[in-house]
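These values consider heavy atoms only, across backbone and side chains, with no hydrogens, waters or symmetry-generated copies. Just so we're on the same page: letters track the sequence lines, and every chain starts at 1.
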Amino acid sequence: MYDSFIRENSNILKDYLLKKYNLKENVTIEKGTISDVEFYTSLPLKIAKKIKKTPMEIANEFSSLKFFGIKKIEVAPPGFLNFYLIDGIYLDYFNSFSVNKHNKNGKKINIEFISANPTGPFNVVSGRAAAYGMALSNLFEYLGWSVTKEYYINDAGRQVNIFANSIYKAYQKKYESRNVEFDEGEYNNPYIYELADIFKSRISDSNDPIELLKKIALKETNDTNKKFLKDIGLEFDIWFSEKSLYDSNKHKNYVLKTLEKKRLLYEKDNALFIKNTELGDSQDWVLKKSNGDYTYLFGDIMYHINKYQRGFDRAINIWGPDHISGVKRLKKALTAFGIPEDFLEVIILQQVELIKGGKKVTMSKRSGNYVTLKEVIDSVGSDAAKYYFLSKTASQHIEFSLDSFEKDNEKSPIFYLQYMFARINGVILKANSLEEPRKITTLLNSEKSIIYNLFLFESIINESVQKMEPSLVITYLSKIATEFHKFYHNNKIIGNENEEELLNFIKKLGIFIKEVLNLLGFTAPERM
RNA sequence: GCGCCCAUGGCUCAGCUGGAUAGAGCAACGGACUUCUAAUCCGUAGGUCGCAGGUUCGAAUCCUGCUGGGCGUACCA
């Protein structure tokens with residue numbers, strides 16, 4: 001409906017220009033940006049020079065053309081043409097409107113996010129990734145993609161050893177009263193003492209406590225985290241273990257042999273390098289260190305080959321800014337395996353900086369200088385926390401201070417959105433009008449402002465997915481909330497002479513609001 | 001040094017493929033509950049869109065330079 005309105009009227013202008021002036025021009029009709037202008041085009045301003053007339057002359061000329069679905073057309077200085085639609089279009093649109101998921105488009109997309117080291121509870125930073133990834137996945141799914149939400153568990157490599165070692169030291173300190181020191185880079189936080197408590201008896205029975213801890217502590221942390229995410233409404237389809245890639249030689253050999261065959265592998269200083277310079281990168285990188293360990297890059301290569309082979313059309317990774325340098329490196333390396341560079345898209349969610357006592361501090365699991373996601377959610381609720389992260393664009397840096405966060409979120413704008421649904425629900429219950437909404441036949445001005453926004457729904461979702469910014473949908477829903485609360489304030493529904501009509505209107509609107517809230521990962525409480 | 005990101009009212013942020021008076025929320029101030037939830041509504045005040053140039057009929061938006069902040073620039077993950 002929206003599309004056809006735009007398309008038909010653009011074509012009318014396009015055809016006119018071609019016939020009258022022999023001018024081929026791209027015509028855009030956009031949603032209004034000021035006061036109550038519904039749609040507009042700035043075409044006269046753009047072509048004034050080309051056809052040697054003033055913008056106002058051109059606009060006046062256009063205004064006498066016959067457009068489709070237009071109630072009123074208006075010329076505004078310095079050369080805009082404003083369109084107002086006939087009510088029938090709004091009514092038809094509303095009556096046929098629904099937020100049905102698109103038909104499956106037959107394409108598969110993998111969205112990997114959070115993927116925090118399994119060495120402790122999530123910190124707030126992961127909350128940003130969680131909220132963002134969840135919403136983005138839902139939006140893709142809405143548009144017909146088959147979405148696989150994936151979590152990559154970094155359970156191989158050095159970090160895990162350090163983690164196990166640290167727990168063992170905590171155990172020795174606490175239960176054997178030994179005077180051990182934590183090394184630089186080791187974990188020294190309350191969580192490892194918790195684990196030492198949990199596994200105390202098994203540690204004392206074991207003759208290889210480090211190996212044992214690597215297994216059980218990782219599993220414990222992972223299980224806890226998994227359960228936590230489930231509690232806030234996030235369930236991953238796949239938990240992919242990095243370690244599993246090393247369990248057999250299959251993946252390793254494939255990578256090494258392929259690179260060798262393509263002469264992209266060489267040894268230097270006892271380490272194994274990939275010749276990324278041959279692939280368009282600025283330098284070569286180590287795959288296997290001189291001590292025999294494989295690097296993170298090597299695991300990432302295996303992992304993404306695996307993703308590619310699983311048949312996804314697109315793969316999106318949501319990473320933190322500290323991984324920026326790894327993007328090019330990985331993409332270039334993957335081309336050696338016939339994986340196109342645009343297969344993998346990396347979204348960088350910018351920094352969440354922790355403010356403590358008015359100062360920025362570096363969040364670190366090792367030092368214990370961090371705020372857990374659980375603390376935050378326990379204090380303000382998961383909807384308010386999600387809103388906080390989701391309402392900011394991905395590239396925006398966030399300064400996070402627990403104190404001001406708690407204070408601000410008592411009045412979190414999420415309540416403004418949810419309250420809209422609760423109000424609708426209240427009226428429906430009170431009117432005891434529980435049947436499905438029927439068509440409406442009249443249109444109030446305040447209803448029109450709301451429907452105007454509904455009109456834009458599909459284009460907002462599309463834009464939001466294309467830009468990968470769920471925040472656009474939040475801004476959009478806020479606009480609807482503003483219109484709704486005005487409408488609600490000005491129209492008493494129960495007892496109104498148009499009660500039936502108004503009830504049908506808000507019922508349908510309520511369904512919409514609930515769908516959109518859920519799409520973004522929020523709940524839609526029926527009362528508040 | 002080089003690369004990526006950020007800079008918009010007191011605070012938190014939208015707007016950025018150039019367009020009409022730069023928008024919200026919080027905080028401040030003044031109004032509205034005998035009414036379907038006032039978690040709401042109405043109003044007032046508050047802005048050299050970091051600075052300086054450039055492109056353009058037109059720049060918060062594009063380009064260049066600069067300043068300030070974050071991150072990265074590993075045989076860390």
I'd like the [atom1] distance from [M] over to [N], given in whole Å.
N: rA60(B); M: rG23(B); atom1: P; answer: 13 Å
N: rU48(B); M: rC4(B); atom1: C1'; answer: 29 Å
N: rU12(B); M: rA45(B); atom1: P; answer: 24 Å
N: rC42(B); M: rG25(B); atom1: P; answer: 9 Å
N: rG18(B); M: rC62(B); atom1: C1'; answer: 7 Å

Taking for each residue the nucleotide of RNA chain B with the nearest heavy atom, is it Y296(A) or H485(A) whose nucleotide lies nearer the 5' end?
H485(A)
Taking for Y488(A) and for Q283(A) the nucleotide of RNA chain B with the nearest heavy atom, the one nearer the 5' end belongs to Y488(A)
Between [X] ([atom1]) and [N] ([atom2]), how many Å, whole number?
X: R329(A); N: rU73(B); atom1: CZ; atom2: C1'; result: 9 Å
X: D269(A); N: rA74(B); atom1: CG; atom2: P; result: 15 Å
X: I301(A); N: rA77(B); atom1: CD1; atom2: P; result: 14 Å
X: I424(A); N: rU40(B); atom1: CD1; atom2: C1'; result: 14 Å
X: E406(A); N: rU12(B); atom1: CD; atom2: C1'; result: 16 Å
X: Y416(A); N: rA14(B); atom1: OH; atom2: P; result: 19 Å
X: E399(A); N: rC11(B); atom1: CD; atom2: P; result: 11 Å
X: D281(A); N: rU73(B); atom1: CG; atom2: P; result: 14 Å

OP1 or OP2 of [N] sitting under 4.0 Å from any side-chain N/O of [X]?
X: Q396(A); N: rG70(B); answer: no
X: Y476(A); N: rA24(B); answer: no
X: K411(A); N: rA24(B); answer: no
X: T393(A); N: rA14(B); answer: yes
X: T475(A); N: rA14(B); answer: no
X: K289(A); N: rC76(B); answer: yes

At 4.0 Å (heavy atoms only), tell me whether [X] reaches a base, stays on the sugar-phosphate, or touches nothing.
X: D155(A); result: nothing
X: N270(A); result: nothing
X: N491(A); result: base
X: Y388(A); result: nothing
X: K288(A); result: nothing
X: V327(A); result: nothing
X: N117(A); result: sugar-phosphate
X: E526(A); result: base
X: K430(A); result: sugar-phosphate
X: L472(A); result: sugar-phosphate

Taking only the side-chain heavy atoms of [X] (C-beta and beyond), determine which of [options] contains the nearest atom.
X: I398(A); options: rC13(B), rA39(B), rC75(B); answer: rC13(B)
X: K392(A); options: rU37(B), rU12(B), rA77(B); answer: rU12(B)
X: A422(A); options: rU37(B), rG19(B), rG72(B); answer: rU37(B)
X: Q351(A); options: rC5(B), rC41(B), rG70(B); answer: rG70(B)
X: I493(A); options: rC36(B), rU40(B), rC6(B); answer: rC36(B)
X: K49(A); options: rA38(B), rC57(B), rC76(B); answer: rC57(B)
X: R527(A); options: rU37(B), rA38(B), rC71(B); answer: rU37(B)
X: D322(A); options: rG70(B), rG19(B), rG72(B); answer: rG72(B)
X: S325(A); options: rA38(B), rG72(B), rC76(B); answer: rG72(B)

Stacking between rG19(B) and F80(A), yes or no? Criterion: centroid separation under 5.5 angstrom, plane angle under 30 degrees.
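A stacking contact does not exist, since F80(A) is not both close and nearly parallel to the base ring of rG19(B).
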If stacking means aromatic ring centre less than 5.5 angstrom from the base's six-membered ring centre, planes under 30°, is H397(A) stacked on rA7(B)?
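It does not: the ring fails the test against the base of rA7(B).
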E112(A)/K307(A) ion pair, N-O < 4.0 Å:
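Here E112(A) pairs with K307(A) in a salt bridge, since their nearest N and O are under 4.0 Å apart.
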Look at K46(A) together with E25(A) and state whether they make a salt bridge at an N to O cut-off of under 4.0 Å.
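So K46(A) does not pair with E25(A) through a salt bridge.
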Determine which nucleotide pairs with [N], using a 3.5 Å limit on both distances of a Watson-Crick or G-U wobble pair.
N: rA24(B); answer: rU12(B)
N: rC62(B); answer: rG54(B)
N: rC41(B); answer: rG31(B)
N: rG3(B); answer: rC71(B)

Any donor-acceptor pair under 3.5 Å linking the side-chain atoms of N154(A) with those of Q159(A)?
no
Which of parallel (below 30°), tilted (30 to 60°) and perpendicular (above 60°) describes [X] and [Y]?
X: F163(A); Y: Y187(A); value: perpendicular
X: F400(A); Y: Y388(A); value: perpendicular
X: F273(A); Y: Y266(A); value: parallel

Decide side chain to side chain donor-acceptor pair (under 3.5 Å) for N409(A) and Y387(A); before the verdict, give the C-alpha distance in whole Å, the side-chain angles of both, and the deciding distance to 0.1 Å.
CA-CA 9 Å; N409(A) 279 279; Y387(A) 184 94; over 6 Å; no
Would you check, one step at a time, whether the test salt bridge (Lys or Arg N to Asp or Glu O under 4.0 Å) holds for K53(A) with E61(A)?
CA-CA 11 Å; K53(A) 286 189 172 180; E61(A) 194 176 324; 3.0 Å; yes
Looking only at N and O atoms, is any donor in the side chain of S290(A) or the base of rC75(B) less than 3.5 Å from an acceptor on the other one?
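A donor-acceptor contact between them is present.
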With a 3.5 Å cut-off and just heavy-atom distances, do the side chain of D293(A) and the base of rA77(B) make a donor-acceptor pair?
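Side chain to base: no pair present.
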For rC42(B), does the O4'-C1'-N9-C4 or O4'-C1'-N1-C2 angle fall within 90° of 0, making it syn, or is it anti?
anti
Straight-line distance of F512(A) CZ to I506(A) CD1, nearest 0.5 Å
15.5 Å
Start with the C-alpha distance between E38(A) and K72(A), add both sets of side-chain angles, then the distance that settles salt bridge (Lys or Arg N to Asp or Glu O under 4.0 Å), and finish with yes or no.
CA-CA 10 Å; E38(A) 293 178 11; K72(A) 187 175 86 175; over 6 Å; no
